[in-house]
Amino acid sequence: AAATDEIPPPDSTAALAPGAANGAGAPRPASAQADATVAEAGGPGAASGGENKTLSVFALFMLVITAIWFGSSNSVREIVAELTVLKRERMANLRVAPYLGSKLAVMGVLAALQCAALLLLFRLFFSLDGDLASHYATLLVASLTGTGIGLALSAWLPTGEAALAVLPLVLIPQVLLGGAIVRVVEMSKGIEALAGVMPSRWGFEAALHMEFEKGLPGLLTGYFGEGH
């Protein structure tokens with residue numbers, strides 16, 4: 001009994017010491033460093049003069065996802081809805097390139113207006129430290145990429161209903177593999193390669209570059225690894 005009385009109680013603070021699990025002074029993973037960088041800076045958007053409306057990383061990601069959704073939903077029924085007319089016009093020497101070019105021109109104007117409205121609405125609720133024109137260009141490219149995805153589905157599927165049903169199945173990987181829900185540095189090699197073909201992953205990285213590269217450079221490494 002006397003021996004047990006001499007055993008000192010465990011130091012509860014030792015378990016909470018930074019780096020205790022990895023050894024003293026052990027480097028933190030890139031994702032943990034990114035979280036610490038944001039916390040030390042007062043959160044994303046803290047450099048904007050202490051405004052009440054701050055920008056979050058996930059909000060930027062949803063901005064890119066929304067732009068892709070705009071483009072794909074605008075165009076997913078464009079070709080299949082005109083399939084009967086298109087087949088008839090093809091017999092009258094209608095060329096595919098001008099036809100697709102006309103679709104992209106109309107959808108591009110619509111995407112440009114939608115992205116402008118989206119960015120202005122976003123700016124009412126969140127502060128943006130990056131260049132507004134650069135953010136707009138990123139959203140427009142993402143939306144035009146979504147337009148291409150929608151046109152491809154519309155040309156591939158037999159009916160408009162089928163195209164609308166398949167569209168969510170195409171957009172879900174954009175959300176899961178875009179780099180915000182699961183960071184690229186935390187993905188396996190195979191999943192990272194699959195994420196590399198997702199427009200949302202590159203649009204998200206571009207948005208983070210424009211918003212945080214100067215103020216929080218460690219954030220980019222924490223999401224995408226070294227060299228980003």
Side-chain angles (χ1 to χ4, degrees), residues 28-38 43-45 55-76 104 107-108 111-112 114-116 118-119 122 126 128-154 156 163 166-228:
R28 289 175 294 184
S31 58
Q33 291 178 0
D35 293 336
T37 303
V38 175
L55 177 67
S56 70
V57 172
F58 192 73
L60 265 182
F61 176 68
M62 291 309 300
L63 196 64
V64 173
I65 290 293
T66 303
I68 295 174
W69 174 69
F70 277 161
S72 58
S73 61
N74 289 339
S75 61
V76 73
L104 287 173
M107 294 296 104
Q114 288 176 325
C115 289
L118 175 64
L119 190 59
F122 185 86
F126 296 95
L128 283 171
D129 296 330
D131 180 57
L132 205 62
S134 298
H135 277 299
Y136 177 72
T138 299
L139 294 183
L140 184 57
V141 171
S143 187
L144 291 176
T145 304
T147 299
I149 293 173
L151 288 176
L153 290 177
S154 186
W156 175 50
V166 171
L167 180 60
L169 302 180
V170 176
L171 293 179
I172 287 173
Q174 302 291 336
V175 177
L176 297 179
L177 301 177
I181 295 179
V182 179
R183 302 180 186 189
V184 174
V185 294
E186 298 170 349
M187 296 178 181
S188 64
K189 292 297 182 181
I191 299 299
E192 183 178 351
L194 187 59
V197 300
M198 298 294 161
S200 58
R201 178 252 185 273
W202 300 106
F204 178 47
E205 182 176 351
L208 287 188
H209 264 288
M210 280 175 280
E211 188 64 24
F212 298 119
E213 186 174 19
K214 295 181 180 179
L216 299 173
L219 185 67
L220 299 172
T221 302
Y223 274 89
F224 303 104
E226 297 293 337
H228 293 273

- What side chain to side chain donor-acceptor pair (under 3.5 Å) pairs are there with at least one residue in residues 189-198, not counting sequence neighbours? none

- Item | Rounded distance (nearest 0.5 Å) linking atom CG of Leu140 with atom CG of Leu119 | 11.0 Å

- Task: Mark yes or no for whether Ser154, through its side chain, and Val76, through its backbone, hold a donor-acceptor pair below 3.5 Å.
- Result: yes

- Message: Using the ring pair (Phe, Tyr, Trp, His ring centres under 6.0 Å) criterion, which residues pair with Phe204? Sequence neighbours excluded.
- Response: Phe61, Tyr223, Phe224

- Message: Please find the pair of heavy atoms, one from Phe58 and one from Ala180, that lie closest to each other, and give the distance.
- Response: CD1-CB, 4.3 Å

- Item | Considering all heavy atoms, the nearest His135-Ala207 contact | CE1-O, 3.6 Å

- Audit row: Ser72, Val170, side-chain contact (heavy atoms from CB on, under 4.5 Å) steps and yes/no: CA-CA 10 Å; Ser72 58; Val170 176; over 6 Å; no

- For Phe70 and Ser143, which heavy atoms make the closest approach, and how far apart are they? CB-OG, 4.1 Å

- Distance from Ser73 atom OG to Ile68 atom CD1, nearest 0.5 Å? 11.5 Å

- Can you find a heavy atom in the side chain of Asn74 that is under 4.5 Å from one in the side chain of Gln114? yes

- Query: Can you find a heavy atom in the side chain of Leu128 that is under 4.5 Å from one in the side chain of Glu211?
  - Reply: yes

- Message: Can you tell me how far apart CZ (Arg201) and CG (Leu194) are? Round to the nearest 0.5 Å.
- Response: 12.0 Å

- Query: Could you go step by step and tell me if Leu177 and Val182 meet the side-chain contact (heavy atoms from CB on, under 4.5 Å) rule?
  - Reply: CA-CA 7 Å; Leu177 301 177; Val182 179; over 6 Å; no

- If you measure from CE on Met198 to OG1 on Thr145, what distance do you get to the nearest 0.5 Å? 13.0 Å

- Pairwise distance CD1(Ile149) to CG(Leu144) - rounded to 0.5 angstrom: 11.5 Å

- Message: Test your reading of the model: is there a side-chain donor-acceptor pair from Tyr136 to the backbone of Ala112, 3.5 Å cut-off?
- Response: yes

- Can you name the nearest heavy-atom pair linking Ile65 to Ser200, along with the distance? CD1-CB, 3.6 Å

- Message: How long is the straight-line distance from CG of Leu176 back to CG of Leu171, given to the nearest 0.5 Å?
- Response: 11.0 Å

- Exam field: side chain Ser75 to backbone Thr147, donor-acceptor pair closer than 3.5 Å: yes

- Give the minimum heavy-atom separation between Met187 and Ala195, together with the two atoms involved. SD-CB, 3.8 Å

